[in-house]
Amino acid sequence: MEINLVSDTVTRPTPDMLQAMFRAKVGDDVYKQDPTVNELEARVASIFGMEAALFFPSGTMANQAAIKLLTQPGDELIADKYAHVFNYEAGGVAFNSGVSCRLVDGHRGMITAEQVREAINPPDFYHSPFTRLVCVENTTNKGGGACYDMQELARIRQVCDEHQLKFHLDGARLWNALVVKRDNPKTYGTLFDTISVCLSKGLGAPVGSLLVSDAETIQRALRIRKVLGGGMRQVGYLAAAGLYALDHHVARLAEDHRRAREIATLLGTVDWVGKVEPVETNIVIFSLANGLDEAKFLQLLKERNIHISSLGKGKLRIVTHLDYKQVMHDYVLETFKRISIRSNPA
């Protein structure tokens with residue numbers, strides 16, 4: 001029994017999801033003639049109370065398209081130092097849009113309205129780039145699945161309005177935040193100019209993200225997607241997986257969150273863990289006690305068929321997901337109880 005807790009991107013379609021994919025009605029989406037894609041885009045736009053949505057093959061491409069749509073070369077965006085758009089999108093901000101990043105030292109990947117205000121460059125100071133965009137991530141990846149409070153997002157929106165800035169949400173794990181916070185997704189639609197949401201993480205679809213915005217912006221996004229090579233043909237087979245996931249896999253995210261909390265609670269009791277960060281959703285970030293070898297620990301887990309990931313600088317990450325079943329969870333908890341790294345580090 002291999003247990004992969006590296007990411008929630010490792011899931012495979014369930015049998016029922018595969019059946020939904022096989023039954024999908026498809027067309028040529030480049031011509032906007034795929035009925036299943038059109039249905040998915042309309043559905044997601046409606047969820048957030050926005051006018052339109054566009055299907056992308058990846059969350060990175062959706063984020064990069066949003067940044068391209070909302071900025072001009074030479075502009076600057078504000079984001080947390082942990083932001084996915086800065087750390088994990090291969091420098092696409094600079095490559096695709098010619099934009100620089102003003103990184104803010106937030107809390108667990110989350111920034112405040114006051115930090116945004118302080119990071120804005122004076123528009124009449126021609127030595128610095130124009131501040132044009134604020135990007136936030138909900139939930140935060142490197143921040144351990146932390147969730148923004150809606151009130152703080154509203155305050156950031158107010159700062160953006162005061163300074164004529166655009167506001168983008170990297171909502172790769174927004175479904176997790178919605179389940180935990182029980183916020184109305186339509187409120188997000190009132191706060192952000194663009195929102196990207198992922199189907200292939202917590203919801204278990206094999207491929208796909210969507211960018212949501214007003215109709216005019218999404219019409220322009222079609223061209224950006226084409227430039228980035230994101231136009232696909234009979235993509236309704238993939239969109240069908242997304243529709244199935246929206247119907248069947250959102251509420252069950254609470255199970256992933258429960259299991260993540262139980263893992264974190266146990267890690268807080270063993271002597272080989274130095275620190276466990278707070279857990280709100282499906283991500284557990286922890287560090288080993290001083291003097292313990294991270295590589296040897298990861299190998300120790302692999303020998304027991306448990307795979308987790310390293311974030312560097314002593315941080316380790318566990319991500320629970322759709323394919324992580326209760327029997328696996330019980331085995332992981334029991335394994336963590338029994339191993340003794342100090343006495344058996346190899």
So, for Arg157 and Leu165, which heavy atoms are closest and what is the spacing to 0.1 Å? NH2-O, 3.5 Å
Please report the C-alpha distance between His257 and Asn176 in whole Å, then the side-chain angles of each, then the deciding distance to 0.1 Å, and finally whether the side chain to side chain contact (heavy atoms under 4.5 Å, CB included) criterion is met. CA-CA 8 Å; His257 303 163; Asn176 297 84; 3.0 Å; yes
Would you mind checking if Glu39 and Arg43 are paired as a salt bridge, meaning a charged N to carboxylate O distance below 4.0 Å? no
Go through the steps to decide whether Ser310 and Glu294 satisfy the test side chain to side chain donor-acceptor pair (under 3.5 Å), and finish with yes or no. CA-CA 8 Å; Ser310 170; Glu294 179 181 305; 2.6 Å; yes
Could you verify whether a donor N or O on one side chain and an acceptor N or O on the other, from Asn282 and Asp8, lie under 3.5 Å apart? yes
How about Thr187 and Asn184: does a side-chain donor come under 3.5 Å of a side-chain acceptor? no
Return the set of residues passing side-chain contact (heavy atoms from CB on, under 4.5 Å) with Lys313 (not counting sequence neighbours), or none when no residue passes. none
Neighbour count above 12 (heavy atom, 6.0 Å) for Gln72 CD: no
Measure the shortest side-chain to side-chain distance between His307 and Lys302 over non-hydrogen atoms and say whether it is less than 4.5 angstrom. yes
Considering non-hydrogen atoms only, spot the tightest contact between Ala52 and Ile218 and give its length. O-CG1, 3.6 Å
Gap separating the CG atom of Asp193 from the CG atom of Leu133, nearest 0.5 angstrom: 8.5 Å
Residues Ile67 and Thr71: closest non-hydrogen pair is O-OG1, 2.6 Å
Side-chain heavy-atom pair Val212, Val44 within 4.5 angstrom cut-off: yes
Is it the case that atom NZ in Lys25 sees more than 12 heavy atoms from other parts of the structure closer than 6.0 Å? no
Quick one: does any side-chain atom of Gln115 pair with a main-chain N or O of Val104 as donor and acceptor, under 3.5 Å? no
Does any non-hydrogen side-chain atom of Ile195 lie less than 4.5 Å from one of Leu174? yes
One thing to verify: whether Asp149 and Lys181 come together as a salt bridge, which I'm taking to mean a side-chain N less than 4.0 angstrom from a carboxylate O. yes
Taking NZ, NE, NH1 and NH2 as the nitrogens, is one of them in Asp256 or Lys201 under 4.0 Å from a carboxylate oxygen of the other? no
Output side-chain donor-acceptor pairs under 3.5 Å for residues 137-144, partner residues at least two apart or in another chain, one line each.
| from | atom 1 | to | atom 2 | distance (Å) |
| --- | --- | --- | --- | --- |
| Glu137 | OE1 | His84 | N | 2.9 |
| Glu137 | OE2 | Asn141 | N | 3.0 |
| Asn138 | OD1 | Tyr148 | N | 3.0 |
| Asn138 | ND2 | Tyr188 | OH | 3.0 |
| Thr140 | OG1 | Arg108 | O | 2.9 |
| Thr140 | OG1 | Ala146 | N | 3.3 |
| Asn141 | OD1 | Arg317 | NH1 | 2.5 |

We want to know whether Asn63 and Glu89 form a side-chain donor-acceptor pair, criterion being a heavy-atom distance below 3.5 angstrom. yes
When rounded to the nearest 0.5 angstrom, what is the spacing between OG in Ser213 and CD in Glu51? 8.0 Å
Would you please say whether a donor-acceptor pair under 3.5 Å links the side chains of Asn96 and Gln64? yes
Taking the basic N atoms (NZ, or NE/NH1/NH2) and the acidic carboxylate oxygens, is any pair closer than 4.0 Å for Arg117 and Glu162? yes
To the nearest 0.5 Å, what is the distance between OG on Ser287 and CG on Leu311? 11.0 Å
Could you state whether Val159 and Met150 fall into the same hydrophobic cluster, counting links through intermediate Ile, Leu, Val, Met, Phe, Trp or Tyr residues with side-chain heavy atoms under 4.5 angstrom apart? yes
Glu114/Arg155 ion pair, N-O < 4.0 Å: no
Heavy-atom side-chain proximity of Leu253 to Leu203 below 4.5 angstrom: yes
Take Val327 and Tyr331, measure what side chain to side chain contact (heavy atoms under 4.5 Å, CB included) needs, and give me the verdict at the end. CA-CA 6 Å; Val327 63; Tyr331 172 77; over 6 Å; no
Atom pair CZ/CG of Arg12 and Leu18 - distance to nearest 0.5 Å: 11.5 Å
Can you check whether Val37 reaches Val26 side chain to side chain, under 4.5 Å on heavy atoms? no
Got a donor-acceptor contact below 3.5 angstrom from the Ser7 side chain to the Val10 backbone? no
Any donor-acceptor pair under 3.5 Å linking the side-chain atoms of Arg259 with those of Gln326? yes
So Phe297 and Phe286, would you call those rings parallel, tilted or perpendicular, with 30° and 60° as cut-offs? perpendicular
Taking CZ in Arg223 as the centre, count heavy atoms belonging to other residues, nucleotides or ligands within less than 6.0 Å. Is the count above 12? no
Thr131 side-chain N/O to Ile120 backbone N/O, donor-acceptor pair under 3.5 Å: no
Rounded to the nearest 0.5 Å, the CZ atom of Arg220 sits from the CD atom of Glu216 at a distance of 4.5 Å
Linking directly or through intermediates, with side-chain heavy atoms under 4.5 Å: list the remaining ILVMFWY members grouped with Leu103, chain and number order. Phe86
With the side chain counted from C-beta on, respond yes when Arg304 and Ile339 share a heavy-atom pair under 4.5 Å apart, and no when they do not. yes
What verdict does the side chain to side chain contact (heavy atoms under 4.5 Å, CB included) test give for Arg233 and Asp34, after you've listed the backbone C-alpha separation in whole Å, the side-chain angles of each residue and the deciding distance to 0.1 Å? CA-CA 8 Å; Arg233 302 298 179 174; Asp34 189 302; over 6 Å; no
Please report the closest heavy-atom contact between Asn305 and Met1, naming both atoms and the distance. CB-O, 3.2 Å
Look at Glu41 together with Lys32 and state whether they make a salt bridge at an N to O cut-off of under 4.0 Å. yes
With no hydrogens and no angle check, is any side-chain donor or acceptor of Asp170 less than 3.5 Å from a backbone partner on Ala172? yes
Close side-chain approach of Leu77 and Arg132, heavy atoms under 4.5 Å: no
Does a side chain donor of either Glu76 or Asn121 reach within less than 3.5 Å of an acceptor in the other side chain? yes
Lys81, NZ: over 12 other non-hydrogen atoms inside 6.0 angstrom: yes
Got Leu5 and Val319 here, is their nearest side-chain heavy-atom distance under 4.5 Å? no
Pair Asp161-Lys166, salt bridge (Lys or Arg N to Asp or Glu O under 4.0 Å): steps then yes or no: CA-CA 8 Å; Asp161 289 342; Lys166 298 296 186 180; over 6 Å; no
From Leu69 CG over to Ile224 CD1, what is the distance, rounded to the nearest 0.5 angstrom? 5.0 Å
Determine whether Phe22 and Leu199 fall in the same hydrophobic cluster, where Ile, Leu, Val, Met, Phe, Trp and Tyr are linked whenever their side-chain heavy atoms lie under 4.5 Å apart. yes
Does Phe336 CZ have over 12 foreign heavy atoms under 6.0 Å away? yes
Closest heavy-atom pair, Ser309 versus Val6, reported as atoms and distance to 0.1 Å, is OG-O, 3.6 Å
Would you sort out whether Val136 and Leu153 count as a side chain to side chain contact (heavy atoms under 4.5 Å, CB included), showing the intermediate values? CA-CA 9 Å; Val136 297; Leu153 293 175; 4.1 Å; yes
Minimum heavy-atom distance between Leu238 and Pro206, given as atom pair plus value: CD2-CG, 4.3 Å
Polar contact flag, side-chain donor to acceptor under 3.5 angstrom, Thr194-His168: yes
